[in-house]
2 protein chains.
Amino acid sequence: MNARSEATAKTRQRLLDAALTLFSQRGYAATGIREILEVAGVTQPTLYHHFADKASLLQALIEQHYGESQNLLANVLAVEPTVAGKLIAFVTSSFEYCCADPRGPRLMFQTYYGPTVPEIDGVLDKLTDRRYRLVVDVMQLGICSGELSKSNPEFLALTLCSMVDQPLNIFSRKSRPKRYLTSELAHAIVELFLKGAGNPA
Amino acid sequence: MNARSEATAKTRQRLLDAALTLFSQRGYAATGIREILEVAGVTQPTLYHHFADKASLLQALIEQHYGESQNLLANVLAVEPTVAGKLIAFVTSSFEYCCADPRGPRLMFQTYYGPTVPEIDGVLDKLTDRRYRLVVDVMQLGICSGELSKSNPEFLALTLCSMVDQPLNIFSRKSRPKRYLTSELAHAIVELFLKGAGNPA
DNA sequence: CCAATAGTATACCGATCGTTATACTGGAGC
DNA sequence: GCTCCAGTATAACGATCGGTATACTATTGG
């Protein structure tokens with residue numbers, strides 16, 4: 001990569017960064033192009049040189065952030081030998097990703113729980129399915145190995161994902177101190193998932 | 001209530017209904033006043049006779065829907081004697097409320113997980129806190145009675161709420177058949193919550 | 001019967017929206 | 001040195017936005 005390409009890539013990243021900040025805070029529809037331009041410090045022709053339209057910005061962000069978090073997840077799951085270890089790894093890697101920059105997860109929650117943006121509907125379904133699939137595979141593995149009781153792996157995967165998403169949402173929305181998403185909390189979630197809340201006595 | 005008041009209330013409800021449909025589908029920011037007018041079949045002076053501005057429509061909807069669902073919840077919890085029964089009642093009443101009309105829950109997810117709408121920030125925090133409080137009280141009761149293991153009741157409440165929200169979100173977003181939110185699923189959620197997914201063997 | 005009120009029909013305002021267009025510049029690459 | 005390209009500065013387009021205003025009508029209630 002030569003100097004020009006590098007400078008161009010940096011400009012593109014500034015645009016994406018500005019859009020991420022604003023979309024995650026305000027939502028896609030309530031964020032105007034001119035605001036993105038101001039935050040990014042570039043002009044309109046530059047934006048339209050890099051992206052076809054506003055929706056392309058959103059799509060690029062969605063693909064980047066869902067992609068990153070899911071690649072990270074796939075990597076940490078691959079190195080854990082036990083199911084319990086994989087579950088902990090799932091939760092802690094989700095926490096770490098969110099602590100590093102809450103804007104990405106915040107945008108992902110919006111797109112998952114919020115109103116549809118027609119232009120990205122197709123691509124979004126594919127992206128959200130991947131995380132789920134990774135977790136389903138862990139559950140399936142746990143059921144086969146006997147670590148988990150016989151149950152619907154898809155139901156288990158959805159449930160653990162929802163248990164993890166709640167603290168992530170709280171953190172990304174309320175600007176809690178980083179100590180909110182602790183290793184202790186991650187362990188508590190997995191323990192609750194595995195052992196339940198009922199009193200065994 | 002006389003005939004005039006009744007007709008006026010009906011017009012107001014038509015406006016709220018139209019706004020609910022559009023806000024829940026498209027989001028608040030992406031829904032225009034003129035679209036609401038068209039769906040409601042009323043004119044602009046009528047809308048502004050009933051509501052000060054666009055945000056007042058949203059606030060009225062939020063207060064109505066959070067209020068209804070939480071009153072319903074408080075009522076069903078009050079008549080259940082056991083904690084397990086209360087947990088089942090919590091899940092099933094949430095399911096029933098969502099099946100009756102998924103637009104309300106969908107709007108609630110948007111406001112909870114989505115971008116802030118500054119005008120309703122203050123009122124929203126109060127409303128979301130109430131559901132949580134009701135569930136925390138059930139957990140506290142369960143811990144005191146020995147039905148639940150000693151644990152943080154707030155953590156337990158948040159977790160169960162997230163476990164319930166996931167199928168609600170899926171249902172309200174994907175227009176699944178009503179048989180998705182079954183009594184069996186409600187029982188499975190509570191069982192997973194109480195007993196966990198780990199194999200006791 | 002008459003006044004009040006809720007609603008209709010319509011126009012308008014200033015502002016903002018996403019996008020397109022044009023002329024120009026500076027710096028990198030050849 | 002020259003060309004190309006990424007980016008700047010600026011203007012403009014048609015459309016839409018939330019809200020305000022005005023004249024009018026029909027119906028209800030006193």
Side-chain angles (χ1 to χ4, degrees), chain A residues 1-62 107 115-121, chain B residues 1-62 107 115-121:
Chain A
M1 182 162 342
N2 55 31
R4 160 159 289 186
S5 302
E6 208 173 303
T8 299
K10 276 198 162 86
T11 300
R12 188 175 190 272
Q13 195 52 48
R14 268 167 53 216
L15 277 164
L16 287 171
D17 198 65
L20 179 61
T21 297
L22 294 166
F23 288 163
S24 66
Q25 219 171 3
R26 306 247 186 92
Y28 172 76
T31 299
I33 291 282
R34 290 168 177 86
E35 295 176 88
I36 295 168
L37 297 176
E38 193 176 336
V39 171
V42 306
T43 60
Q44 264 167 296
T46 303
L47 186 149
Y48 288 102
H49 170 77
H50 286 274
F51 300 95
D53 50 28
K54 187 182 176 186
S56 301
L57 261 176
L58 180 61
Q59 181 161 334
L61 283 172
I62 291 293
L107 186 63
T116 56
V117 179
E119 295 95 325
I120 64 164
D121 259 355
Chain B
M1 178 157 352
N2 56 33
R4 162 159 289 182
S5 303
E6 208 173 305
T8 299
K10 277 196 163 87
T11 301
R12 188 176 190 271
Q13 196 50 48
R14 269 166 53 215
L15 278 163
L16 286 171
D17 199 65
L20 180 61
T21 297
L22 293 166
F23 288 162
S24 65
Q25 220 170 5
R26 307 246 187 92
Y28 173 76
T31 299
I33 289 282
R34 290 169 175 85
E35 295 175 87
I36 295 168
L37 296 177
E38 193 176 336
V39 170
V42 306
T43 60
Q44 259 167 302
T46 302
L47 185 148
Y48 288 102
H49 171 78
H50 285 274
F51 299 97
D53 50 28
K54 187 182 176 185
S56 301
L57 263 176
L58 179 61
Q59 181 160 332
L61 283 171
I62 292 292
L107 186 62
T116 55
V117 180
E119 295 96 325
I120 65 163
D121 256 357

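In what follows, every chain begins at residue 1, and chains take the letters A, B, ... in the order their sequences are listed. Side chains are part of it too, since the values below use all heavy atoms of this structure and drop only hydrogens, waters and symmetry mates.
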Could you tell me how far apart [X] ([atom1]) and [N] ([atom2]) are, to the nearest whole angstrom?
| X | N | atom1 | atom2 | value |
| --- | --- | --- | --- | --- |
| Asp53(B) | dG19(D) | CG | C1' | 9 Å |
| Leu15(A) | dA6(D) | CG | P | 14 Å |
| Arg12(A) | dC5(D) | CZ | P | 19 Å |
| Leu37(B) | dA9(C) | CG | C1' | 13 Å |
| Lys54(A) | dT19(C) | NZ | P | 8 Å |
| Lys10(A) | dA28(C) | NZ | P | 13 Å |
| Arg26(B) | dT16(D) | CZ | P | 13 Å |
| His50(B) | dG19(D) | NE2 | P | 16 Å |

Is the phosphate of [N] approached by [X] (side-chain N or O, under 4.0 Å from OP1 or OP2)?
| X | N | value |
| --- | --- | --- |
| Thr46(B) | dG7(C) | no |
| His49(A) | dT8(D) | no |
| Thr11(B) | dG7(C) | yes |

request  = Answer yes or no: is there a donor N or O on one side and an acceptor on the other, between the side chain of Arg14(B) and the main chain of Gly41(B), under 3.5 Å?
outcome  =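 Side chain of Arg14(B) to backbone of Gly41(B): a pair is present.
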
query = Taking the side chain from Lys54(B) and the backbone from Gly32(B), do they hold a donor-acceptor pair closer than 3.5 Å?
reply =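 Answer holds: no.
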
query = For DNA chain D, whose closest nucleotide is more 5', that of Arg4(B) or that of Gly41(A)?
reply =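 Mapping each residue to its closest nucleotide by heavy atoms, the 5'-most match is Gly41(A).
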
request  = Taking all heavy atoms of Phe51(A) and all of Ala60(A), pick out the closest pair and write down the distance.
outcome  =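 Smallest heavy-atom distance, with atoms named: CE2-CB, 4.0 Å.
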
message = The side chain of Glu35(A) is closest to which nucleotide in this list: dA11(D), dC17(C), dT8(D)?
response =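 When the side chain of Glu35(A) is considered, dC17(C) is the closest of dA11(D), dC17(C), dT8(D).
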
query = Which listed nucleotide (dT8(D), dC17(C), dT20(D)) is nearest to the side chain of Pro45(A)?
reply =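 The answer is dT8(D).
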
key: Residue that, paired with Leu22(B), satisfies side-chain contact (heavy atoms from CB on, under 4.5 Å) out of Ile36(B), Asp17(B), Leu57(B)   =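 The option that passes is Ile36(B).
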
message = Under 4.0 Å, heavy atoms only, any strand: does Thr8(A) hit a base, just the sugar-phosphate, or nothing?
response =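 Since only primed, P, OP1 and OP2 atoms lie under 4.0 Å of Thr8(A), the category is sugar-phosphate.
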
Distance-only donor-acceptor test (3.5 Å): side chain Gln44(B), base dG19(D) =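 Answer is yes: a donor-acceptor pair is held.
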
inquiry  = Glu38(A) vs Arg34(A), test: salt bridge (charged side-chain N to carboxylate O under 4.0 Å, His left out). Steps then yes/no.
reply    = CA-CA 6 Å; Glu38(A) 193 176 336; Arg34(A) 290 168 177 86; over 6 Å; no

